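Computed from a predicted model, the values in this text were never measured in an experiment.
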Number of protein chains: 2
Amino acid sequence: MAVADPIERTLALGGYRLTAPRRAVLDRMRGLGNHFTAEDVQLAAPEVGRATVFRTMKLMRDLGIICQVVLDDGATVYQLTEDDAGEHHHHVICSGCGEVAEFSSDGLEDVLGDVARRTGFEIDTHRLELYGRCGRCRRL
Amino acid sequence: MAVADPIERTLALGGYRLTAPRRAVLDRMRGLGNHFTAEDVQLAAPEVGRATVFRTMKLMRDLGIICQVVLDDGATVYQLTEDDAGEHHHHVICSGCGEVAEFSSDGLEDVLGDVARRTGFEIDTHRLELYGRCGRCRRL
DNA sequence: GTACATGCAAAACTTTTGCAGTATG
DNA sequence: CATACTGCAAAAGTTTTGCATGTAC
């Protein structure tokens, strides 16, 4: 039978089984919005074993279903990837409500080229996180 | 008596005492080069208590003496800040030898402005890490 | 039916804390 | 000589692992 949910399809195509715990973890992550830690997911899905939560989140991270977000203070949390898994993107995190918006930037290429020229490095990948306040929180 | 070492002066000016454990931690971090974790420092300074290593590294992080570097795989390590503590800068990390170079970029401002316009966010701070290969490793 | 996945509990780490003793400024 | 700092050991928190059992395909 065909699988409707795109994420579940990703799992199926990768040869991974669609189990109740995996569906539960996915479902709760969707409910958590913004971003979440392993502990958040664990608390939201108490019927799933601790180890399975970690194993499932590791799997989803490898598959690009969730992505790591580094906060201002250095803590790292996760978020369901919005666009197609694998697409390169960055995050803007609101210090007020915690909302995370994804964006991609072409202008960044110039910056990378400039740094490569100045440092002699050949740049392969990068990570950019922005911190600020979203439109809604700015009006409060 | 005047303190010659700039980092020790920073500590002294902040009202912090120059103790043997703090000097030892600083000295070993200098010897570790590139970047290091709390465990690396702990192993390099076995005569200093575990808790003191963590307390000292936390203090130095707050004072800007060391800065956090987020690696490609999401792990975070530390590095002695090269330029004046507090100056905003970014890192380029070599996947070959682990060398970390610091840089600052003016062009990034344009990117931030563009993202702000498109997302409605007001950007306060940011974090940018680049990953690649340094000139030396590229020639190997 | 078989390989993959899970749950549980224990283990392995990492970081923090309480407190009595020590040493800096 | 007051008090900031340290070491130790215990606690707290987080992620991993081993293994018997369960289940998706």
Side-chain angles (χ1 to χ4, degrees), chain A residues 1-5 7-29 32 35-63 65-66 68-71 73-78, chain B residues 1-5 7-29 32 35-63 65-66 68-71 73-78:
Chain A
M1 138 190 156
V3 179
D5 187 287
I7 293 182
E8 297 194 349
R9 190 157 48 227
T10 298
L11 283 172
L13 289 176
Y16 300 99
R17 295 181 178 173
L18 296 181
T19 65
R22 282 180 181 163
R23 284 179 204 269
V25 166
L26 174 58
D27 188 56
R28 304 314 161 75
M29 291 195 303
L32 287 168
H35 48 68
F36 43 78
T37 61
E39 194 195 355
D40 293 331
V41 176
Q42 202 183 128
L43 289 173
E47 78 277 21
V48 178
R50 210 190 320 278
T52 299
V53 169
F54 279 97
R55 284 187 284 232
T56 303
M57 286 182 73
K58 182 182 190 329
L59 173 63
M60 292 189 173
R61 178 158 31 108
D62 292 344
L63 291 175
I65 293 170
I66 59 178
Q68 189 187 43
V69 178
V70 180
L71 299 185
D73 63 1
T76 78
V77 296
Y78 291 90
Chain B
M1 138 187 154
V3 179
D5 187 286
I7 293 182
E8 296 193 352
R9 190 157 48 227
T10 298
L11 284 171
L13 289 176
Y16 299 100
R17 294 182 179 174
L18 297 180
T19 65
R22 282 180 183 164
R23 285 179 203 267
V25 167
L26 174 59
D27 188 54
R28 305 313 161 77
M29 290 194 303
L32 287 169
H35 47 69
F36 42 78
T37 62
E39 194 195 353
D40 293 331
V41 176
Q42 202 183 128
L43 289 173
E47 79 278 20
V48 179
R50 212 190 316 279
T52 299
V53 168
F54 279 98
R55 284 187 285 232
T56 302
M57 286 182 73
K58 182 182 191 326
L59 173 64
M60 292 191 173
R61 179 159 30 109
D62 291 344
L63 291 175
I65 293 171
I66 58 177
Q68 190 187 44
V69 177
V70 180
L71 298 186
D73 63 2
T76 78
V77 296
Y78 291 91

Novice: Quick one: B:L59 CG to C:dT16 P, roughly how many Å, whole number?
Specialist: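 About 13 Å, once rounded to whole Å.
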
Novice: Does OP1 or OP2 of C:dG7 have a side-chain N or O of A:T52 closer than 4.0 Å?
Specialist: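 Yes, because at least one side-chain N or O of A:T52 sits under 4.0 Å from OP1 or OP2 of C:dG7.
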
Novice: Nearest-Å distance, CG (A:L13) to C1' (D:dC25)?
Specialist: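 Those two atoms, CG and C1', are 15 Å apart.
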
Novice: Let me know, please, whether B:R17 or B:A51 comes out on the 5' side of the other along DNA chain D by nearest nucleotide.
Specialist: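 By nearest-heavy-atom nucleotide position, the 5'-most residue is B:R17.
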
Novice: OP1 or OP2 of D:dC5 less than 4.0 angstrom from a side-chain nitrogen or oxygen of B:R22, does that happen here?
Specialist: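 B:R22 to D:dC5 OP1/OP2: side-chain N or O found under 4.0 Å.
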
Novice: Between C1' on C:dC4 and CG on A:L18, what's the gap in Å once rounded to a whole number?
Specialist: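 Going from CG in A:L18 over to C1' in C:dC4 covers 13 Å.
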
Novice: How is B:E47 classified with respect to the nucleic acid when contacts are heavy atoms under 4.0 Å: base, sugar-phosphate, or nothing?
Specialist: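 The answer is sugar-phosphate, as B:E47 gets under 4.0 Å only of primed atoms, P, OP1 or OP2.
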
Novice: Atom NZ of B:K58 to atom C1' of C:dT14: distance rounded to whole Å?
Specialist: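 Going from B:K58 (NZ) to C:dT14 (C1'), I get 16 Å.
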
Novice: Kindly indicate whether the side chain of B:M60, heavy atoms from C-beta on, has any atom under 4.5 Å from the side chain of B:Y16.
Specialist: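 No; the side chains remain at least 4.5 Å from each other.
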
Novice: With a 4.5 Å cut-off on side-chain heavy atoms, are A:Q68 and A:Y78 touching?
Specialist: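 A side-chain contact exists here, since the closest heavy-atom pair is under 4.5 Å.
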
Novice: Rounding to an integer number of Å, can you tell me how far A:F54 CZ sits from C:dG7 P?
Specialist: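 Going from CZ in A:F54 over to P in C:dG7 covers 14 Å.
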
Novice: Could you measure the distance from the CZ atom of B:R61 to the CZ atom of B:F54? Nearest 0.5 Å is fine.
Specialist: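 Here the interatomic distance stands at 10.0 Å.
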
Novice: Mapping B:T19 and B:R61 to their closest nucleotides on DNA chain C, which lands nearer the 5' end?
Specialist: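 Whichever sits nearer the 5' end wins; that is B:R61.
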
Novice: Whole Å only: how far is the CD atom of B:Q42 from the P atom of D:dC8?
Specialist: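 Taking CD of B:Q42 and P of D:dC8, I get 12 Å after rounding.
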
Novice: In whole angstrom, give the distance that lies between atom CZ of A:R55 and atom P of D:dT16.
Specialist: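 Distance check: A:R55 CZ to D:dT16 P gives 10 Å.
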
Novice: A:E39 has an atom CD; how far is it from atom P of D:dG13, in whole Å?
Specialist: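 Checked: the CD to P distance equals 9 Å.
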
Novice: Would you indicate whether the side-chain heavy atoms of B:L11 and B:L59 approach each other to under 4.5 Å?
Specialist: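 SC-SC contact between B:L59 and B:L11 confirmed.
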
Novice: Verify the neighbour count for atom CZ of B:R50: are there more than 12 heavy atoms of other residues, nucleotides or ligands below 6.0 Å?
Specialist: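 Open: at most 12 neighbouring heavy atoms sit under 6.0 Å from CZ of B:R50.
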
Novice: Any side-chain N or O of B:R50 less than 4.0 Å from the OP1 or OP2 oxygen of C:dT15?
Specialist: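 Indeed not, no polar side-chain atom of B:R50 lies that close.
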
